[in-house]
Amino acid sequence: IVPTQTATHLPTQPPTQTIAVTPTPPPPKAPPYPTNPPPAAWKKWPSFSLQISEDMHQVYQRGLENGNDPHAFSVLGDCQSQPDLFMGIYDQNPSFVNSLPFSQRVTVSQFRGSFDRYSPTVKDGTTEGSLLWMGWNDNEEGFCAAGESPLDCELRVHRPSITFIHVGTHWEARNERYLTTIIKKLIDNGTVPVIVTKADNRELDERINKTLIKLGAQYGLPVWNFWESVQDLPNHGMQEGSTMYLSDEGLKIHQLEALQVLDIVWNELKSGE
C-alpha cells in the first residue's frame with residue numbers, strides 16, 4: 001500500500017530562469033543470468049537458463065504481427081505433459097492459483113485456457129519425429145485439416161506465442177534432425193521455443209539431454225534444465241524402479257517450475273514490446 005502524500009502548494013509565480021540539466025544515462029542493464037558453461041558441461045547449467053536473446057525478441061514480435069496469440073502457449077510432449085499431470089491445475093483450481101505469487105497469478109490470467117486443453121502435440125509416446133508426422137495426429141476434437149501433422153495443426157489453430165519442447169523420453173533415430181526441424185518451424189512461425197531437459201536416462205548415455213542443450217545453445221533459446229531441478233530428490237525425481245515416470249515429488253516440481261518458466265519467459269518477451 002502506497003501512503004498518501006500531502007500535496008505541496010507551489011507558488012504560482014513562474015521561475016525567472018530555466019536551468020538546463022543534462023540527464024544522466026542509465027547504467028547498463030546487467031544480464032539476468034551468468035554465462036553458462038559450454039553445452040558439453042550441461043550438467044552444470046542452472047535449472048533456469050532463460051536468457052531471451054534479441055533474436056528471440058524479434059521472433060516473438062514478428063509472430064504477434066503475423067497473428068500469433070499473446071494469450072496462447074503450447075506444449076510438445078508425451079504422457080507426462082498431459083494437462084492432468086502437468087499444468088492443467090492452473091485452469092482447473094482457482095483457489096490454488098490464488099495462493100501463488102502475484103506475478104505468477106498475472107501469468108495464469110494471461111494464458112488462461114492454454115493450461116488445460118486438448119492438443120494434438122501432447123500424447124502418450126510422442127517423439128520428435130511423430131510431431132512432424134500426419135499419421136500421429138489423432139485429431140481428437142476435429143479441428144485439424146486432413147493430412148496435417150500435429151505440430152502444423154497446433155500452430156495453425158492455437159497460434160501459440162511460446163512453446164515448450166518437452167520430448168525425448170521416447171527417443172528415435174535421427175533425433176537431432178527432427179528436433180532441428182521442429183525448432184526451425186517454430187521460429188519461422190514466430191513462436192519462441194523453450195527447451196526442456198528430461199529427468200530420465202532411458203537411452204543410457206544421456207544423448208537426448210546433450211542434444212537438447214546443444215540445440216538450445218545453438219539457436220539461442222531459453223532452456224529449462226529440469227534434469228538439474230530434480231537431482232536432489234530420491235532416485236533423482238523418478239519413481240522407484242521406473243526408467244520413465246516421475247515420482248510424486250518430481251511431478252510437483254515439474255508442475256510448479258513450468259509456471260515459473262512461463263512467467264519469466266513471457267515477462268522478458270513482453271518487456272521488448
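Taking the six-membered ring where the residue is Trp, Phe86 and Phe164 present perpendicular rings, their angle passing 60° and hence far from 30°.
Salt-bridge formation is not detected for the pair Asp200/Arg202: no Lys NZ or Arg NE/NH1/NH2 atom is positioned less than 4.0 Å from an Asp or Glu carboxylate oxygen. Between Asp91 and Arg117 there is no salt bridge, since no side-chain nitrogen of the basic residue lies less than 4.0 Å from a carboxylate oxygen of the acidic one.
Considering His254, Gln80, Lys198 in turn, His254 is the only one that fulfils the side chain to side chain donor-acceptor pair (under 3.5 Å) rule with His166. Of the candidates Ile195, Ile264, Val261, Trp224 forms a side chain to side chain contact (heavy atoms under 4.5 Å, CB included) with just one, namely Val261. Screening Asp263, Leu262, Leu259 against Val108 for a side chain to side chain contact (heavy atoms under 4.5 Å, CB included) leaves a single residue, Leu259.
Across all non-hydrogen atoms, the minimal contact from Asn137 to Glu148 is ND2-O, 3.0 Å. The two residues Glu176 and Lys214 come nearest to each other via the heavy atoms OE2-NZ, 2.8 Å. Summarising the geometry of Gly168 relative to Ile208, their closest heavy-atom pair is CA-CG2, 3.7 Å, with the distance given to 0.1 Å. The two atoms that bring Pro193 and Met56 nearest to each other are CD-SD, 4.1 Å, heavy atoms only. For the pair Asn235 and Gly241, the tightest heavy-atom approach, listed with the atom from each and the gap, is ND2-N, 4.2 Å. Taking each heavy atom of Ser103 and Asn267 in turn, the nearest pair found is OG-ND2, 3.8 Å.
The distance from the CZ atom of Arg174 to the OG1 atom of Thr180 is 13.0 Å, given to the nearest 0.5 Å. Interatomic distance, Asp84 CG to Leu251 CG, rounded to the nearest 0.5 Å: 11.5 Å. The distance from the OH atom of Tyr90 to the CD atom of Gln255 is 4.5 Å, given to the nearest 0.5 Å. With values rounded to the nearest 0.5 angstrom, Asp188 atom CG is found 12.0 Å from Ile183 atom CD1. To the nearest 0.5 Å, the span separating CD1 on Ile182 from CD1 on Ile187 amounts to 12.0 Å. Rounding to the nearest 0.5 angstrom, the gap separating the NZ atom in Lys210 from the CD atom in Glu203 is 9.0 Å.
For the pair Ile162 and Phe111, the minimum side-chain heavy-atom distance is below 4.5 Å. Between Pro70 and Lys270 the shortest side-chain heavy-atom distance does not fall below 4.5 Å. Side-chain contact between Asn36 and Pro46 is present, with at least one heavy-atom pair separated by less than 4.5 Å. No side-chain heavy atom of Arg112 sits under 4.5 Å from any side-chain heavy atom of His71. Proximity of Val106 to Gln110: side-chain heavy atoms (C-beta onward) are nowhere separated by under 4.5 Å. Under the 4.5 Å side-chain criterion, counting only non-hydrogen atoms from C-beta, Val192 is in contact with Leu269.
Side-chain atoms of Gln82 do not come within 3.5 Å of backbone N or O of Asp78 as any donor-acceptor pair. Remark: side-chain polar atoms of Ser81 are not paired, donor with acceptor, to backbone N or O of Val122 under 3.5 angstrom. The closest donor-acceptor contact from the side chain of Glu172 to the backbone of Gly129 lies under 3.5 Å. Listed for the Arg159 side chain is a donor-acceptor partner under 3.5 Å among the backbone atoms of Gly67.
Taking hydrophobic clusters as Ile, Leu, Val, Met, Phe, Trp and Tyr residues chained together by side-chain heavy-atom distances below 4.5 Å, Val265 shares a cluster with Tyr219. By the rule that hydrophobic residues join a cluster once side-chain heavy atoms approach within less than 4.5 Å of another member, Val75 and Trp133 end up as members of separate clusters. Cluster membership check: Leu155 does not share its hydrophobic cluster with Tyr118, using side-chain heavy-atom separations under 4.5 Å among Ile, Leu, Val, Met, Phe, Trp and Tyr. Taken together through direct or relayed side-chain contacts under 4.5 Å among Ile, Leu, Val, Met, Phe, Trp and Tyr, Leu151 and Val157 form parts of separate hydrophobic clusters. Leu204 and Leu212 fall into different hydrophobic clusters, where Ile, Leu, Val, Met, Phe, Trp and Tyr residues are linked whenever their side-chain heavy atoms come under 4.5 Å apart, directly or through other members.
For the pair Lys123 and Trp136, the cation sits on the ring face: its NZ or CZ lies under 6.0 Å from the ring centre, inside 45° of the axis.
Sorted by first and then second residue, the disulfide bond (SG atoms under 2.5 Å apart) pairs with a member in residues 200-234 form an empty list; sequence neighbours excluded. Judged as a side chain to side chain donor-acceptor pair (under 3.5 Å), the pairs with a partner in residues 237-247 (not counting sequence neighbours) are, in order, Ser247-Glu249.
Looking only at atom types and distance, the side chain of Asp55 has no donor-acceptor partner in the side chain of Ser53 under 3.5 Å away. Counted by atom type alone, Asn68 and Ser161 present zero donor-acceptor pairs between their side chains at under 3.5 Å. Ser114 and His158 are linked by a side-chain donor-acceptor pair at a separation below 3.5 angstrom, with hydrogens and angles left out of the test. Checked by atom type, the side-chain pair Asn209/Thr211 shows no donor-acceptor distance below 3.5 Å. Glu228 and Ser47 share no donor-acceptor pair across their side chains, judged by distance under 3.5 Å alone.
If you look at Phe73 and Trp266, their ring centroids are not closer than 6.0 Å.
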Please step through side chain to side chain contact (heavy atoms under 4.5 Å, CB included) for the pair Ile253 and Leu233, ending with a clear verdict.
CA-CA 10 Å; Ile253 291 176; Leu233 295 182; 3.7 Å; yes
Set out, in order, the CA-CA distance, both residues' side-chain angles and the distance that settles side chain to side chain contact (heavy atoms under 4.5 Å, CB included) for Thr126 and Leu76, then state yes or no.
CA-CA 8 Å; Thr126 291; Leu76 316 182; over 6 Å; no
Could you check Cys144 against Glu154 for side chain to side chain contact (heavy atoms under 4.5 Å, CB included), going step by step and ending with a plain yes or no?
CA-CA 8 Å; Cys144 297; Glu154 180 74 356; over 6 Å; no
Verify salt bridge (charged side-chain N to carboxylate O under 4.0 Å, His left out) between Lys185 and Asp152, making sure each step is shown before the conclusion.
CA-CA 9 Å; Lys185 188 178 285 286; Asp152 284 343; 3.2 Å; yes
Start with the C-alpha gap between Val194 and Thr163, add the side-chain angles, then the distance that decides, and say whether side chain to side chain contact (heavy atoms under 4.5 Å, CB included) holds.
CA-CA 6 Å; Val194 178; Thr163 291; over 6 Å; no
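Counting heavy-atom neighbours within 6.0 Å of Met244 CE, excluding the residue itself, gives a total above 12. In this structure, Asp205 places its CG atom where more than 12 heavy-atom neighbours from other residues, nucleotides or ligands lie under 6.0 Å away.
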Considering only distance and modelled atom types, tabulate donor-acceptor pairs under 3.5 Å from the side chains of residues 38-45, sequence neighbours left out.
from, atom 1, to, atom 2, distance (Å)
Lys43, NZ, Glu206, OE1, 3.0
Lys43, NZ, Glu206, OE2, 3.1
Trp45, NE1, Pro37, O, 2.9

